[in-house]
Amino acid sequence: MSYAESGGPVAGPEHSKGDPSRPVTISYIAETAGVSIPTVSKVVNGRSGVSADTRARVEALISEYGYRKTNRRNLLELVFAELEDMWGMEIIRGVERVAREQRVGVVLTEFGPRHDLVRHPIGDTLARRPACVVTVAQLSQEQREELQAKDIPFVVFDPTTELPDGVPYVGATNWAGGRSATRHLIELGHQRIAMIAGHDTILCCRARLDGYRSALEAAGLPVHPGLVVRADLTREGGRVAALDLLRGPERPTAIFACNDLQALGVYQAARELGLRIPADVSVVGFDDLPIAALIDPPLTTVHQPLTEMAAAATELALALGRGEETPRVGLELATTLTVRESTSSPADQ
């Protein structure tokens with residue numbers, strides 16, 4: 001018994017070579033033929049761009065192993081760990097924009113807060129067999145291998161950890177964003193600049209913190225360990241961290257928060273302590289969520305093009321789902337500083 005691309009049994013010969021226990025997928029054919037998966041996809045779908053010798057070799061293996069193409073649903077799956085804030089809505093907008101243009105349906109999957117305790121949370125996605133996956137949830141190596149074994153291409157959105165070579169992803173220039181935020185405060189005359197950083201296990205948080213440190217060092221300013229506080233990427237995390245910083249004996253004149261939600265917490269802490277923004281403390285965030293322009297005063301923040309990042313991830317995933325060759329599998333979109341009214345020169349200048 002051999003297997004179709006969907007992983008289900010179909011009538012056909014036993015494997016005559018290779019590992020007979022392996023299902024006959026498009027990746028198995030590619031490995032056996034010594035060619036890429038997109039090349040096999042072109043042969044399967046009758047597209048050009050394959051030499052006659054290669055086409056004949058792949059077609060012979062397809063015939064020998066009894067492989068047949070199954071129709072995948074015209075479907076993209078968007079996977080979150082938890083969808084609970086404005087950040088996720090910006091991603092959904094970008095995905096839906098491209099999906100609508102390309103007439104592709106979108107399935108939204110949320111693992112939930114205890115997804116790490118579920119042995120195979122990707123199982124439902126495997127059963128649905130979408131054309132491709134954009135995953136905001138950070139999949140384990142096992143989960144990535146499960147998708148690859150089923151020939152379901154995926155793109156990681158804003159990876160939080162280092163990925164193996166060849167894993168497709170779309171991110172942003174977090175280091176440059178952290179540097180530009182801090183440089184802005186330095187140019188205003190601030191010298192005691194604090195940072196509410198995220199946890200060091202999160203890749204983008206490390207990059208933003210490194211950008212902060214780089215800007216201070218370039219300006220000849222010391223990096224005071226006491227001015228760097230790590231906190232959850234939430235409003236409450238920012239509030240608690242800001243209270244610690246602003247109650248200290250040498251209060252910072254400016255705070256750079258690792259994201260806009262933390263910055264909202266800084267606003268709340270400043271109000272609790274009777275401090276004015278920016279007269280008593282300047283605040284810079286990161287993300288440029290829609291609420292950043294609506295709070296009082298409007299928040300200076302690093303614009304992370306979340307919607308554009310999501311659109312790019314969707315385009316890449318759909319191209320991979322069609323078996324197309326892509327020029328690169330990793331893409332970082334530029335961040336830019338959006339200056340509003342939450343920053344000014346320090347009062348003692």
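Owing to the predicted nature of the structure, the values given are computational and were not obtained by experimental measurement. Starting from 1, each residue takes its place in the sequence as its number. Note that these values count all heavy atoms, side chains included, but never hydrogens, waters or copies made by symmetry.
- Taking the ring centre of Tyr212 as origin, the terminal cationic atom of Arg179 falls outside the region bounded by 6.0 Å and 45° from the ring axis.
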Chi angles and distances behind the side chain to side chain donor-acceptor pair (under 3.5 Å) call for Gln304, Thr335: CA-CA 5 Å; Gln304 181 175 208; Thr335 54; over 6 Å; no
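- Around atom CG of Asp200, more than 12 heavy atoms belonging to other residues, nucleotides or ligands sit under 6.0 Å away.
- With sequence neighbours excluded, the residues satisfying side-chain hydrogen bond (donor to acceptor under 3.5 Å, both in side chains) with Thr343 are His184, Thr300.
- Residues passing the salt bridge (charged side-chain N to carboxylate O under 4.0 Å, His left out) test with Arg271: none are found, sequence neighbours excluded.
- No hydrogens or angles considered: nothing links the side chains of Gln102 and Arg97 as a donor-acceptor pair under 3.5 Å.
- Under the 4.0 Å criterion applied to side-chain N and carboxylate O atoms, Arg340 and Asp288 are assigned as salt-bridge partners.
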Side chain to side chain contact (heavy atoms under 4.5 Å, CB included) between Ser342 and Ser282, intermediate numbers included: CA-CA 6 Å; Ser342 66; Ser282 288; over 6 Å; no
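- Of the N and O atoms on the side chains of Asp287 and His303, not one donor lies less than 3.5 Å from an acceptor on the other residue.
- Checked by atom type and distance alone, the side chain of Thr301 never pairs as donor or acceptor with a backbone atom of Val284 at under 3.5 Å.
- Checking Gln262 against Arg235 by side-chain atom types alone, no donor-acceptor pair falls below 3.5 Å.
- Of the N and O atoms on the side chains of Glu77 and Thr109, at least one donor lies less than 3.5 Å from an acceptor on the other residue.
- Within 6.0 Å of CD in Gln191 there are 12 or fewer heavy atoms belonging to other residues, nucleotides or ligands.
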